[in-house]
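Naming: A, B, ... by sequence-line order, numbering from 1 per chain.
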Number of protein chains: 2
Amino acid sequence: MTKTANKTRRAQPKEVRKEQLIRATIKCVAKHGLSGITVALVTREAGLSMGIANLHFESKEKLLLETLQSVTDEYAAGQTSILESADFPSTGAKIEALLAFDFSPAVIDKNKLAVWFGFLGEARSRPTYQRICSRQDSMAEESIAALFRLALDEAGDRVADADLLAAGYIALIDGLWLNALVDPRRLPWDKARSAARHYLASAFPKHIALAR
Amino acid sequence: MTKTANKTRRAQPKEVRKEQLIRATIKCVAKHGLSGITVALVTREAGLSMGIANLHFESKEKLLLETLQSVTDEYAAGQTSILESADFPSTGAKIEALLAFDFSPAVIDKNKLAVWFGFLGEARSRPTYQRICSRQDSMAEESIAALFRLALDEAGDRVADADLLAAGYIALIDGLWLNALVDPRRLPWDKARSAARHYLASAFPKHIALAR
DNA sequence: GCAACAAATGAATGACCGTTCATTCATTTC
DNA sequence: GAAATGAATGAACGGTCATTCATTTGTTGC
């Protein structure tokens, strides 16, 4: 269970412990849900003592918030590095990369997605969760809409609405993740990825091919 | 707060009270989230005494389960009545009705959606929640795929995959609901509906028009 | 109008859990 | 190697909450 079965208690810098506790929290939220999580569960998962959570984070609530932030930051970093890169040979390649990223192993990790949807499910009643989740999405929407606008321009498409396509893409990805997470037998990850590709292929037929 | 400020305590048949408590639970889950809900909150919302929840439902957990079931049943009933009806003048009209239903006031009710996503967010760690949520979706997917297959046949389309389109549609609707619920300023309901129409219009150009 | 019954109440109970803090112990400093 | 430092521990505390049940109150049958 515990990674290192150290007999002796080793002091570690604050940052190392915080990271360790956040990783344990992600696992526990995935296993027990947001409403089933307890400090004892998390600290046991981390192989540490109960009091450690309040020592490094001020409270359980702060630990949960930093965990959510950590998951969204990681996603945002990966996504931004694609959207802000100038190294892609074409607009199509950039859209292609976005799709590949959204279904890459680090992103469709069950534990991280469980954290994301666990907090989203409570977001309406917790302003702080809501702020973290929707700041993530609104920054993304802006850049994705710009990328889509560029693709439409290149294709000479004057009717399609890039904003609408971007909002639809983000929602579709969220929905596919959620469906595949909750019941992977009904919606296997490959099928989810195909559905997303389908969406992009019909919006940008000159850039994205149906099959891959 | 309480609907009827009755002075006198009135005995009511079991079914009436259960309905009343389920309605109060929906409101409370929306207001406080699944992890913030308490029996005291629910019974106060219903204007009844604490003990009533355990009198009519065996436990808090059973009350929550019946609440989830009630929300999904209501949705399933409305959806099934469209999908199984033979009264539509055309396949396009039936698809159009499905879309209208998915954004009708009774369906995009904030409280009911909050219940749906609250439970979905915990579904991975609660097999019972998972079973209720995904049974709903898999019955729907079957019928929607059949409808889409019919539309593709009518259009002479031999390449598109009706199963994939149905899975995508369900996921898209889930994602749009979730995004509009969490941050309606970023994704207003009108825009969400337009995004869904866009999806259908590009899959079934001979049946669904872009604008409405 | 009076039993007999059923519905509803809410104070009491006990389990669970977040937080605290006196204590332990590894590490550093001189 | 002794003293100082601060990371880590976990038993104890107090608050919250689901559940129980003795009691009250409305309803039904006669």
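- Rounded to an integer number of Å, the gap from CZ of A/R44 to P of D/dT9 is 14 Å.
- Nearest nucleotide to the B/N54 side chain, out of C/dT19, C/dG18, D/dT20: D/dT20.
- Minimum atom distance to the side chain of A/M50 is reached by C/dG18, of the listed C/dG18, C/dT9, D/dT19.
- Note: CG (B/L63) to P (D/dC17) measures 16 Å, nearest angstrom.
- Across the protein-nucleic acid pair, B/E58 atom CD and D/dT20 atom P stand 8 Å apart, rounded to whole Å.
- In this entry the distance linking CD of B/Q12 with P of D/dT28 reads 11 Å, nearest Å.
- Ring geometry, B/Y169 versus B/Y199: the interplanar angle falls from 30° to 60°, so the pair is classed tilted.
- A donor-acceptor contact closer than 3.5 angstrom links the side chains of A/Q20 and A/R17.
- A/Q20 places its CD atom 9 Å from the P atom of D/dA8, with the value rounded to the nearest Å.
- Residue A/I52 places its side chain closer to D/dA8 than to any other of C/dT19, D/dA8, C/dT9.
- Contact check, A/R17 against D/dA7: no side-chain N or O comes under 4.0 Å of OP1 or OP2.
- Looking at A/E84 and A/K94, no side-chain N of the basic residue comes within less than 4.0 Å of a carboxylate O on the acidic one, giving no salt bridge.
- Each of D/dT19, D/dT9, C/dT9 was ranked by its minimum atom distance to the side chain of B/V39; first place goes to D/dT19.
- When heavy atoms are screened at a 4.0 angstrom cut-off, B/L41 is found touching no nucleic acid atom at all.
- C/dT20 atom C1' lies 17 Å from atom NZ of A/K60, rounded to whole Å.
- Within the 4.0 Å cut-off from OP1 or OP2 of D/dA7, not a single side-chain nitrogen or oxygen of A/H56 is found.
- For A/L48, counting side-chain heavy atoms from C-beta on, the closest listed nucleotide (D/dT19, D/dT9, C/dA8) is D/dT9.
- Taking every side-chain heavy atom of A/L55 into account, D/dA7 is the closest of C/dA8, D/dA7, C/dT19.
- Distance A/K18 NZ to D/dA8 P: 13 Å, rounded to the nearest Å.
- The CG-P distance, from A/L21 to D/dT9, rounds to 10 Å in whole Å.
- Note on A/I37: only backbone sugar-phosphate atoms sit closer than 4.0 angstrom, heavy atoms only; bases stay farther off.
- In this structure, A/L113 CG and A/Y75 OH are separated by 10.0 Å, a value rounded to the nearest 0.5 Å.
- A/D163 has a carboxylate O that lies under 4.0 Å from a charged side-chain N of A/R149, or vice versa, which qualifies the two as a salt bridge.
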